[in-house]
There are 2 protein chains.
Amino acid sequence: MSQKRTTPLEAPSIRKHQCTVDIRLEKLGMVPFFWNLDREILQPINNEFSASHFHAGQPIYYEGEKATMLRVVVYGAVKLIRQTEEGKEIMVDMLKPGEYFGNLNELGDDTYSETATAQSDACIMSIGNREFRSLLNMYPSIAVAVLDVTTKKLNSARQQIHHLTTLSVKKRIAHILKELCGKFGEESKVGMLLQLPLSRKDLADLAGTSTETASRVMSRFQQDGLITSGRQWVAITDINALSEVVSSN
Amino acid sequence: MSQKRTTPLEAPSIRKHQCTVDIRLEKLGMVPFFWNLDREILQPINNEFSASHFHAGQPIYYEGEKATMLRVVVYGAVKLIRQTEEGKEIMVDMLKPGEYFGNLNELGDDTYSETATAQSDACIMSIGNREFRSLLNMYPSIAVAVLDVTTKKLNSARQQIHHLTTLSVKKRIAHILKELCGKFGEESKVGMLLQLPLSRKDLADLAGTSTETASRVMSRFQQDGLITSGRQWVAITDINALSEVVSSN
DNA sequence: GCACTCCTTTGAACCAGCTCAATTTAGTAC
DNA sequence: GTACTAAATTGAGCTGGTTCAAAGGAGTGC
């Protein structure tokens with residue numbers, strides 16, 4: 001850590017220690033599910049959760065494993081991947097703090113339908129499925145909040161389906177960059193820096209294309225001054241131009 | 001109606017009259033949302049809904065319209081479509097009786113994110129968004145049931161994304177036929193007949209391909225004896241062979 | 001500072017599926 | 001039966017994106 005870092009990305013350890021017991025309650029209150037709850041209700045809910053840390057690249061669970069937990073991202077980014085036997089994979093979602101993943105189905109006899117991996121160093125809170133479901137039944141407002149989040153996810157999944165079949169790779173990537181910018185973008189000297197490690201392969205998996213094609217598109221964007229990018233990082237320098245790419249001819 | 005019909009599909013008017021006030025309550029009880037509810041609770045809920053009929057091909061609402069209602073299919077099939085300005089479209093879902101669609105978001109200021117069209121003659125029950133949301137808050141079990149349905153939809157949307165990027169058109173269509181078979185298949189002399197009008201274009205929109213390619217694939221399937229098909233109808237004759245197509249090499 | 005790793009870029013051939021265009025046919029109405 | 005219409009089929013050329021291969025760099029550990 002004493003060497004000069006050339007990545008503009010924030011070093012992971014800076015924030016890692018912050019995920020202490022003390023601030024878990026605060027984090028939990030920031031999760032959309034628990035918006036309207038009083039502190040005295042939040043407290044026992046908090047006790048149901050347990051926290052754990054993951055290093056960048058470390059798997060959290062695998063597709064097909066027996067699914068027993070529901071998880072919430074507290075710090076860092078988590079990617080959800082589906083893969084074929086031949087190893088071809090696609091990224092189904094990239095989660096930021098406050099988002100949930102895992103399983104919330106009735107019984108514990110389901111399996112996870114995707115693999116979850118820590119994209120950066122991450123802190124995750126987990127709760128047993130059964131426990132969470134009893135929360136849902138106890139507090140309708142939580143159920144409704146979870147439903148709203150899930151509905152939004154469904155909508156964006158359907159938009160993605162639409163894009164996959166109607167847009168060119170170039171437009172799809174431009175659109176994805178815009179979304180990531182809204183989610184992970186942070187002001188920096190190189191532009192809106194996406195605060196997570198993001199390789200060409202990740203982008204390709206998000207866009208449903210090959211690494212090579214993603215690289216070609218990104219090279220072009222960089223050439224045209226829309227982005228600045230290095231190894232595993234991307235910064236958006238001209239978001240309006242990206243929007244134009246999506247909606248052009 | 002006195003002429004001989006050559007379509008194996010059931011004539012729409014046969015069942016249409018069945019959607020009377022008398023049996024609405026029964027239908028409502030069949031909707032997954034309302035599984036566990038007592039009859040005395042169901043009764044007032046039923047009163048909140050209003051029913052209406054649509055002819056095959058008739059639009060129910062358009063993408064972008066102000067979204068105020070949540071709807072449930074009582075009889076018939078409803079397709080959900082998203083389209084680009086140039087008219088290229090994709091089918092996001094095909095719904096059967098008991099499934100919900102429309103909007104369930106917080107306030108009435110959202111717009112529908114897809115166009116809903118009656119695929120066959122259909123009977124639809126509607127409820128105001130606000131009213132439904134208060135039901136959700138009143139009966140947690142409804143909220144949880146809706147959440148479960150939505151979660152399943154999300155999962156299948158994500159599977160579709162996966163298929164779009166990893167499977168060939170042939171496999172995608174084979175898979176779609178299998179799903180439709182489970183949902184709309186009815187035993188008949190020509191095999192498992194899909195009990196809804198289904199054109200090559202519909203299939204193409206479902207698979208995210210062109211009408212011509214869908215036609216070519218279907219011709220091939222018919223040639224190989226996997227299906228029997230005519231104008232706007234499809235029957236599956238060998239579902240095992242279809243499964244093999246999906247999982248082959 | 002040096003070596004090593006693996007991420008990224010670029011080239012070139014190839015192909016699944018698209019598009020455009022023309023023809024055939026199933027189903028319906030009379 | 002006959003005529004009509006919209007769905008379905010089939011052909012042929014084109015192309016965006018894939019695949020395979022190989023070279024070029026950024027970041028890291030020692």
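Just so you know, these numbers come straight off a predicted model, no measurement behind them. Just so it is clear: chains get the letters A, B, ... in the order the sequence lines come, proteins before strands, and each one is counted from 1.
Contact between A:Y61 and A:L80 at its shortest, heavy atoms only, is OH-CD2, 4.2 Å. Looking at every heavy atom in both residues, A:W233 comes nearest to A:T228 through CZ3-O, 3.6 Å.
Contacts of B:T211 with the nucleic acid, taken as non-hydrogen atoms under 4.0 Å apart, are absent. Among the protein residues, A:S215 comes within range of the nucleic acid bases, having at least one heavy atom under 4.0 Å from a base atom. Within the nucleic acid shown, A:S199 comes within 4.0 Å of sugar-phosphate atoms alone, with no base atom in reach, counting heavy atoms only.
Closest to the side chain of B:V169, from the set C:dC7, C:dG17, D:dT10, is C:dG17. When each of D:dG17, D:dA26, C:dT10 is scored by its nearest atom to the side-chain atoms of A:R231, the top-ranked nucleotide is D:dA26. Closest to the side chain of A:E212, from the set D:dT9, D:dG17, D:dA21, is D:dA21. When distances are taken from the side chain of B:R216 to each of D:dG11, C:dT8, C:dT10, the shortest belongs to D:dG11.
For the helix from C:dG1-D:dC30 to C:dC30-D:dG1, the angle separating the two terminal helix axes comes to 50°, with each axis derived from five pairs and the value rounded to 10°.
Using a cut-off of 4.0 Å between Lys/Arg side-chain N and Asp/Glu carboxylate O, A:R158 and B:D93 are scored as salt-bridged. B:E212 and B:R200 are not joined by a salt bridge, as no carboxylate oxygen comes within less than 4.0 angstrom of a charged side-chain nitrogen. Under 4.0 Å is where a charged nitrogen must lie from a carboxylate oxygen, and between B:E114 and B:K79 no such pair does.
Atom CD in A:Q232 sits about 10 Å away from atom C1' in D:dA26, given to the nearest Å. In this structure, B:L164 places its CG atom 15 Å from P of D:dG17, rounding to the nearest Å.
When the nearest nucleotides of DNA chain D are assigned to A:A214 and B:R200 by heavy-atom distance, the more 5′-ward of the two goes with B:R200.
Between B:S210 and C:dT19 there is no side-chain N or O to OP1 or OP2 distance below 4.0 Å.
Without hydrogens or angle criteria, A:S247 side chain to A:S243 main chain gives a donor-acceptor distance under 3.5 Å.
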